[in-house]
**Q** 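Mind looking over this structure? Questions follow.
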2 protein chains.
Amino acid sequence: MIKKQLIMEKALELFAQQGIEATPVQQITDYCGISKGAFYLSFKSKDELIIALIDHFMIQIIADIDYMVKNTENDAELLYTFYYTTFHSFHKHSDFAKIFIKEQTQSFNEELIVKIHYYDRLMEGIILSLIERLYGEKVENTKYDLIYCIKGLMNSYSALFLFNNAPLNRELLCQSLVEKTNLLASHTSVPFITREDFQMLKHPIKEEITKEQIIEMIEQISKEIEEPLEKESLILLKQHLVEPTLSPAIVKGLLENIRKHPHCKWVSYLLFRYYEIE
Amino acid sequence: MIKKQLIMEKALELFAQQGIEATPVQQITDYCGISKGAFYLSFKSKDELIIALIDHFMIQIIADIDYMVKNTENDAELLYTFYYTTFHSFHKHSDFAKIFIKEQTQSFNEELIVKIHYYDRLMEGIILSLIERLYGEKVENTKYDLIYCIKGLMNSYSALFLFNNAPLNRELLCQSLVEKTNLLASHTSVPFITREDFQMLKHPIKEEITKEQIIEMIEQISKEIEEPLEKESLILLKQHLVEPTLSPAIVKGLLENIRKHPHCKWVSYLLFRYYEIE
DNA sequence: TTGACAAATGACTTATTAGTCATTATTATA
DNA sequence: TATAATAATGACTAATAAGTCATTTGTCAA
């Protein structure tokens, strides 16, 4: 166990300096003063080490933030506390934060992507609950959009101090972000991300979605929908998926029927893709 | 020349799908239907291909944006035009945009970092001139900060449609960003990034800065400064660097004297680092 | 048709790295 | 102290990939 921790610490340092890909296991073990074989007694593979690192730190960071948010009674301080805790955590684990931000878009390892996605969703959940608590009904239509604004601003400023070694006045940064968040929350009238978009993004598109998955999705949506036009269009589209009988023009028309309904956005997008590729 | 273009096109596709690191030259040449040797007749190395790609597309993207900004007479449309052109360009060159966003933080190739940094600065310059034109004097103290807000928001939303294949209503996105930008520009009172920070970030810190470089920097700043307290403190600190004579307490005090002066922020940070490491 | 030149090839060299496993060292136990 | 069990080693294998160069193929003018 102690060996495992040693490897994780040293690897983290090297990863942050050189990147994960560019750091061979041999270098990690040299840096630890152990043999290569010893590494594989602690971790089945290099990938397992990476996953372990992400879990270890993300759990800490998320737990810190979650704890602070849940234990801040005073709403006036809440936003400031949130930002402060987050940046404090990023700073404390800056080596990890660097890796995480880098691999967020870079990685092609399936398991890693899933992991990163998972923690990203957790963060979004925290931000959303924070927004709801602070602004309540007022942001009903803009809250999902606001999440992406907050994430964008946090990313921009994090990158600044993580990758430029710029001196950081954390208090000022948090004050500044609190002001910006309040501004955006109270005055935004044209949100880009709607509740439906947000739902969509929870199920990120696989490279290929099968016909069966689309059918299943249609069946579920049909139940939730009242409007007869959209409902009938959906049912026809489903039948056409099971056994193609309709002409392209009719299909296109049906797609047009459902495209504007908020619950059908995702499905209509998938169907457009499906028929375009076919 | 045509061969070069073929390679660039095909490589771009593969890079966007799999990442640069994960795409061997052999795969590129197979995909082009040429031999490995032929690749090396067009490009001296894989790195040269990457640089060529970045130059090719960044020049196009920046030129597009710059042209639109310069040729939009009506200020009311300017911001919208800027966002629209940018996202249009990103969409048009989405394979490249993906690579660029990924490698922005990931890359460890020195030449690549310099390239990316260069184009990033160009973008910042365009954004700055746009802000100055639109808001003028009103944002004198917040304009540098505003750049990072805009970049953050743009990044956040770009990642969304680049990596999630989300369907994009570009008009709505741009409207939304115009509103947000106007909000932030007209109401921000607590900027985080000041003019001085912005200057600093232009010269990103090397891993190690030598004593000589700090001395040189102090000499230059001394000339620009009027205030006697800061000026004298700087001179004493310089002498102490040349030949250490002062006690740690005195040095600390002198650093405290200069730390708040806007022109000394950078130097005081470097000195803090310097004495901490020593 | 031929010879000279250029273009293209792909087997080969060199280098790197993840992961293995027979061997050795260490520790615990009787 | 002897023996068994456990931990650690690092030379080795297999795989991958960048870049080279002797050889082949194609082109075109004489």
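Convention: sequence-line order gives letters A, B, ...; per-chain numbering from 1.
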**Q** Could you check A/Gln26 against B/Phe39 and say which one's nearest nucleotide on DNA chain D is further toward the 5' end?
**A**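 The answer here is A/Gln26.
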**Q** Going by side chain to side chain contact (heavy atoms under 4.5 Å, CB included), name the residues that satisfy it together with B/Glu212, two or more places apart in sequence or in a different chain.
**A**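 Expected list: B/Thr210.
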**Q** Find the distance between NZ (A/Lys151) and CG (B/Leu160) and round it off to the nearest 0.5 Å.
**A**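 Reported value, rounded in 0.5 Å steps: 7.5 Å.
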**Q** Would you say A/Thr86's side chain and A/Phe82's backbone share a donor-acceptor pair under 3.5 angstrom?
**A**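 Confirmed, A/Thr86 side chain pairs with A/Phe82 backbone.
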**Q** Supply the atom-to-atom distance A/Tyr83 OH to A/Cys174 SG, rounded to the nearest 0.5 angstrom.
**A**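 Interatomic distance, A/Tyr83 OH to A/Cys174 SG, rounded to 0.5 Å: 9.0 Å.
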**Q** Sequence neighbours left out, what pairs pass side-chain hydrogen bond (donor to acceptor under 3.5 Å, both in side chains) with at least one residue falling in residues 45-70 of chain A?
**A**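 Every pair satisfying side-chain hydrogen bond (donor to acceptor under 3.5 Å, both in side chains) with a residue in residues 45-70 of chain A: A/Asp47-A/Asn109, A/Asp55-A/Lys115, A/Asp55-A/Tyr119, A/His56-A/Gln60, A/Asp64-A/Ser89, A/Asp66-A/Lys70.
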**Q** Who pairs with B/Tyr157 by side chain to side chain donor-acceptor pair (under 3.5 Å), at least two apart in sequence or on another chain?
**A**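 B/Tyr157 satisfies side chain to side chain donor-acceptor pair (under 3.5 Å) with A/Asp145, B/Lys180 only.
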**Q** Over all heavy atoms of both residues, which pair between A/Ala11 and A/Leu49 is shortest? Give the atoms and the distance, please.
**A**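 A/Ala11 and A/Leu49 have their closest heavy atoms at CB-CD2, 3.8 Å.
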**Q** Partners of A/Gln199 by side chain to side chain contact (heavy atoms under 4.5 Å, CB included), sequence neighbours excluded?
**A**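 Counting only residues at least two positions away or on another chain, A/Gln199 forms a side chain to side chain contact (heavy atoms under 4.5 Å, CB included) with A/Arg195, A/Lys202.
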**Q** Quick check: does any side chain N or O of A/Ser176 sit under 3.5 Å from a backbone N or O of A/Leu172, one acting as donor and the other as acceptor?
**A**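 No: the side chain of A/Ser176 does not pair with the backbone of A/Leu172.
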**Q** What is the distance, rounded to the nearest whole Å, between atom CD of B/Glu21 and atom P of C/dT16?
**A**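 My rounded result for the distance is 15 Å.
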**Q** What pair of heavy atoms forms the shortest contact from A/Phe198 to A/Ile193, and how long is it?
**A**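 Heavy atoms only, the tightest pair is N-CG2, 4.1 Å.
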**Q** Please give me every residue in residues 42-53 of chain A whose heavy atoms get under 4.0 Å of an atom in DNA chain C, ordered by residue number.
**A**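 Going residue by residue through residues 42-53 of chain A, the ones with a heavy atom under 4.0 Å of DNA chain C turn out to be A/Ser45, A/Lys46.
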**Q** Quick one: side chain to side chain contact (heavy atoms under 4.5 Å, CB included) partners of A/Ala52, sequence neighbours excluded?
**A**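 With neighbours one apart ignored, the set is A/Met8, A/Phe43.
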**Q** Produce the list of close N/O pairs, under 3.5 Å, pairing protein atoms with atoms of nucleotides 4-8 of chain C; give distances to one decimal.
**A**
unit_1 : atom_1 : unit_2 : atom_2 : d
C/dA8  : OP1    : B/Lys3 : NZ     : 3.0

**Q** Looking at CD1 of A/Ile126 and CD1 of A/Ile147, how far apart are the two atoms once the value is rounded to the nearest 0.5 Å?
**A**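 Here the rounded value is 11.5 Å.
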**Q** Starting from the first five and the last five pairs of the helix from C/dT1-D/dA30 to C/dA30-D/dT1, work out the angle between the resulting helix axes, to 10 degrees.
**A**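 Terminal axis comparison yields 10°.
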**Q** Got a list of protein N/O to nucleotides 22-27 of chain C N/O distances below 3.5 Å?
**A**
none

**Q** For residues 28-38 of chain A, which side-chain N or O atoms pair as donor and acceptor with protein atoms under 3.5 Å away, sequence neighbours left out?
**A**
unit_1  : atom_1 : unit_2  : atom_2 : d
A/Thr29 : OG1    : A/Val25 : O      : 3.4
A/Thr29 : OG1    : A/Gln26 : O      : 2.8
A/Asp30 : OD1    : A/Gln26 : NE2    : 3.2
A/Tyr31 : OH     : A/Glu13 : OE1    : 2.6
A/Ser35 : OG     : A/Ala38 : N      : 3.2

**Q** Does anyone know the first and last nucleotide of DNA chain D in reach of chain B, 5' to 3', at under 4.0 angstrom to a heavy atom?
**A**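 Boundary nucleotides touching chain B, in 5' to 3' order, are D/dA17 to D/dT20.
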**Q** Could you tell me how the ring of B/Phe87 sits relative to the ring of B/Phe161: parallel (under 30°), tilted (30 to 60°) or perpendicular (over 60°)?
**A**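 B/Phe87 and B/Phe161: perpendicular rings.
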**Q** Toward the 5' end of DNA chain C, which comes first, B/Lys36 or A/Val25, by nearest nucleotide?
**A**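 It is B/Lys36 whose nearest nucleotide is closer to the 5' end.
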**Q** For A/Met68, check side chain to side chain contact (heavy atoms under 4.5 Å, CB included) against everything at least two apart and list the hits.
**A**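 Result, side chain to side chain contact (heavy atoms under 4.5 Å, CB included) vs A/Met68: A/Thr81, A/Thr85.
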